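Here is the structure we will look at, set down as structure tokens.
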Amino acid sequence: MLGDQPPLVRSPLPGPAGQVLLDQLAQVESPAFTARRARRQERSGAAQDPIVWTEARGANVIDADGNRYVDLTSGFGVASVGHAHPRVVGAICAQAARLLHALGDLHPSTLKIELLSRLCALAPIADARAVLSLSGSDAVETALKTATLATGKPGVLAFEGAYHGLSHGPLAACGYAESFRAPFAAQLNPHVVFAPWPAHDASLRAALADVAGRLDADVGAILVEPIQGRGGVRMPPAGFLAGLADLAHEHGGLLIVDEIFTGFGRCGAMFLSAEAGVEPDLLCLGKSLGGGLPVSACVGRAEVMAAWGDPVGEAIHTGTFFGHPLGCAAALATLDVIEDEALAARTLELGEGWSRGLAALDGVRVVRGRGLMLGLELEADVLVVVRKLLERGYLTLPAGAGADVLQLVPPLNISRALLDGFVETLGEVLT
Ligand SMILES: Cc1ncc(COP(=O)(O)O)c(C=O)c1O
């Protein structure tokens with residue numbers, strides 16, 4: 001059955017149908033996207049980088065030419081329960097027939113109330129309140145605005161290599177690459193300071209001292225991913241998150257934890273902040289939450305969220321589609337799947353075995369990460385490897401600003417057999 005099948009690539013990529021579609025795309029898509037692909041082609045040596053997706057189920061993706069792939073990207077970390085999980089699709093279809101849209105923050109749907117209750121109960125925050133939105137950037141934007149209101153300070157300490165989304169608020173704190181911020185620098189929050197992201201084996205004391213030294217009077221929040229995902233699956237030293245919470249609070253500020261990528265079992269725990277014994281002041285969630293639909297949330301301590309004031313007058317932070325009934329239905333079904341199938345525990349166990357297998361391959365220098373968020377440093381050029389894997393039917397992505405890390409983030413319910421098959425293929429590609 002589609003969902004748990006090995007790769008099957010019949011034609012050179014992209015196939016003839018894909019090529020026609022890509023030519024059409026080049027005529028209509030903003031060069032912001034096509035130019036990036038062209039640069040990738042230069043390095044990967046391939047005539048065309050992308051394939052055109054037409055169908056996806058479980059861990060499988062089908063392209064316009066009928067080729068079948070195993071998705072080790074989960075579509076940017078979204079398909080943690082697999083693509084088109086039947087319980088998620090069922091919930092979406094049932095909801096679509098009942099109520100497609102409500103009046104967001106004015107007249108909510110029952111599902112919005114249910115999802116907010118579920119998230120507040122699930123988040124590692126004692127007395128939680130939440131705001132729903134659509135993208136990860138939205139959730140970070142909400143957190144940044146909340147922190148400003150709660151502390152009266154406009155500044156943020158973020159980390160080099162961090163990725164929090166690209167709308168203006170998060171972009172100012174996006175340490176991933178200077179080139180992302182530079183064209184818009186004049187429009188971005190000027191009160192952001194960046195600290196270096198410490199290596200896993202760095203001294204915790206030195207790393208925290210480095211952060212402390214940069215906390216100027218303007219800084220009201222520290223914004224951090226427990227593991228930098230897009231930045232190259234980079235883990236800080238143990239105890240770093242807890243240390244940051246202490247530093248933020250001693251400084252009269254807040255800790256914003258961005259678990260948009262790491263959350264909901266991806267790293268073998270529901271939330272890495274909870275596992276580290278850290279109660280975030282604000283927690284950003286997204287990606288896999290909607291099971292494939294765009295749903296995100298910012299969950300915060302009630303007293304921090306109270307900074308938005310009494311709900312009288314106009315809502316000063318809202319969006320037409322925030323708390324959309326379809327997204328809420330999909331998110332509730334996704335949370336059911338993650339809990340009922342105990343995916344966080346499965347992920348931890350599966351990830352340990354898989355990373356051992358990958359680390360044993362010739363040509364693999366380092367395997368980093370936790371659960372099913374792994375980053376590999378290779379002896380070969382990562383973009384060349386990504387291309388060769390695509391030709392053999394495995395979807396992977398490069399991570400890190402230099403595209404020097406092979407990022408592996410498969411669905412959390414992928415079969416062991418598919419993961420083993422990938423180890424074998426990667427071994428062939430690397431030799
Ligand atoms: C940790 C983290 N935060 C925020 C975002 C931004 O999410 P979105 O692309 O949905 O705006 C991402 C996206 O990759 C992410 O990995």
Side-chain angles (χ1 to χ4, degrees), residues 32-33 36 71-80 131-147 156 158-177 180-181 184 188 192 194 197 221-236 240-241 244 255-267 269 271-273 280 282-299 319 321-322 324 327 330-331 334 368-375 396-401 403 405 407-409:
F33 299 93
R36 186 175 62 83
D71 183 11
L72 302 180
T73 74
S74 294
F76 297 133
V78 166
S80 283
V131 175
L132 296 177
S133 48
L134 296 176
S135 68
S137 304
D138 290 341
V140 175
E141 193 94 51
T142 307
L144 293 172
K145 280 180 162 182
T146 306
V156 181
F159 291 91
E160 290 165 12
Y163 189 81
H164 301 289
L166 299 182
S167 61
H168 277 61
L171 177 59
C174 175
Y176 177 76
F180 282 42
R181 297 192 308 272
F184 311 104
L188 301 179
V192 177
F194 289 99
W197 183 248
I222 297 179
L223 172 62
V224 63
E225 297 162 85
I227 298 176
Q228 287 192 341
R230 183 168 178 183
V233 191
R234 296 182 204 274
M235 301 163 79
F240 191 55
L241 206 57
L244 291 181
L255 181 74
I256 306 174
V257 182
D258 178 349
E259 294 231 37
I260 287 166
F261 208 162
T262 56
F264 298 112
R266 166 63 53 202
C267 297
F271 301 113
L272 288 179
S273 46
L282 292 157
L283 175 68
C284 301
L285 303 170
K287 284 201 188 279
S288 62
L289 172 60
L293 290 195
V295 188
S296 62
C298 171
V299 190
F321 293 113
F322 285 5
H324 193 272
T334 302
R368 287 195 293 263
R370 198 157 185 280
L372 289 176
M373 181 193 259
L374 298 183
T396 59
L397 284 173
V405 173
Q407 187 189 69
L408 302 174
V409 287

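All ligand and atom numbering here is 1-based and tracks the order in the structure. Since this is a predicted model, take the numbers as computed values, not measurements.
- In terms of the ring-ring contact (aromatic ring centres under 6.0 Å, His included) criterion, F261 has no residue partners (sequence neighbours excluded).
- Residues passing the ring-ring contact (aromatic ring centres under 6.0 Å, His included) test with F194: none are found, sequence neighbours excluded.
- Aromatic ring orientation, F321 versus H324: tilted (interplanar angle from 30° to 60°).
- With sequence neighbours excluded, the residues that form a side-chain contact (heavy atoms from CB on, under 4.5 Å) with T396 are L72, V386, L389, L406, L408, F422.
- Ordered by chain and residue number, the residues placing a heavy atom less than 4.0 Å from ligand 1 are S135, G136, S137, Y163, H164, G165, E225, D258, I260, F261, K287.
- V295 places none of its side-chain heavy atoms less than 4.5 Å from the side chain of F322.
- Using modelled atom types and a 3.5 Å distance limit, the side chains of R266 and S288 yield no donor-acceptor pair.
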